[in-house]
Amino acid sequence: MERIDIRTQRAKLENINALPTAPGTFKRISQVIGKPGITLSEISEFVSKDPALTTKVLKMINSAIYGFPGRISSVSHAIMLLGLNVVKGLLLGISVFEIMQQLMGGLWDHSVGCAAVARAIAEKKGIKDPEEVSVAGLLHDIGKVIMVMEYAPLYEEAINQAASRRVPIFDAEREVFQETHAVVGMWLAEKWRFPPNLVDVIQYHHRPGLTKKAPLETAIVHFSDLLVRARGFGFSGDSLVPAVHPPSFELLALSEDDILEVLDKLEACRDEEGGLTL
Ligand SMILES: [Fe+2]
Ligand SMILES: [Fe+2]
């Protein structure tokens, strides 16, 4: 079995612009978003120049995930309402939609489902910016996108290993790549200058006990990931539903009714094709 040590590839992988496998929109968005001191008006201007991107941003924001359907008709309004981090995250999510569809069917639905569930739980827990937690949900598996995009045959090997040996994809990744998508996602989140709590959620969504900066947000995304898998919504590399981390579940303190309500929000994201297409 072929293996690589992905830890030696960090510098290469963070530089999305230099990856021949990355699609143009992803490169452009990644570059804009990683600029130091980028402002909301610069982002708004960038999006407005691209009609296809504008349509997708509005579709996403007006979907059931964000809970204000049909009310937002301009990108500048959306950006004012949502704030810099959320908009950055949404743009990145949108820009990888096609790669997710092409390279790992189901990862988009998994990510969107996780965004919807994370937002619903964050609201229940009274978190000030539930949209930020939702964006963490949308991007939590972004490391997989990079891995499958750049190392397609090896990633397939990891998926096959996970299936044939019935181990979580997280463990199969560690065997094939020496490190997991959670760490690759953290590299990118840092490169894109996301706030430390968001970086932590991405890095620790499979090991929520390790986060120092964002225990509640990480617990939310960790649990959302499980819930979306358990519900059979989308695909994220394996068919196993990992065990919940008990202290995170305790921290969330969700009742059965809370969970049922959250699952209703997940169902609301399905369109005629059963997911949310852009
Ligand atoms: Fe993950
Ligand atoms: Fe996931």
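We number each residue from 1, following the sequence as shown. First listed ligand is number 1; within each ligand, the first listed atom is number 1.
Between atom OG1 of residue T218 and atom CZ of residue F223 there is a gap of 15.0 Å, rounded to the nearest 0.5 Å.
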Inset, instruction - With salt bridge (Lys or Arg N to Asp or Glu O under 4.0 Å) as the test, would you mind laying out the steps for E175 and R165 before giving the verdict? - result: CA-CA 12 Å; E175 273 181 42; R165 291 175 31 224; 2.9 Å; yes
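Take a cut-off of 2.8 Å around the Fe ion (ligand 1): the protein N, O or S atoms inside it are D141 OD1, H181 NE2, H205 NE2, H206 NE2.
Annotation for E45: atom CD does not count as buried by contact number, only 12 or fewer foreign heavy atoms lying within 6.0 Å.
Residues satisfying the side chain to side chain contact (heavy atoms under 4.5 Å, CB included) criterion with E267, sequence neighbours excluded, are R231, R270. Taking N15 as the reference, N17, A18 meet the side chain to side chain contact (heavy atoms under 4.5 Å, CB included) condition, with sequence neighbours excluded.
Screening residues 9-57 for ring pair (Phe, Tyr, Trp, His ring centres under 6.0 Å), with sequence neighbours left out, gives no hits.
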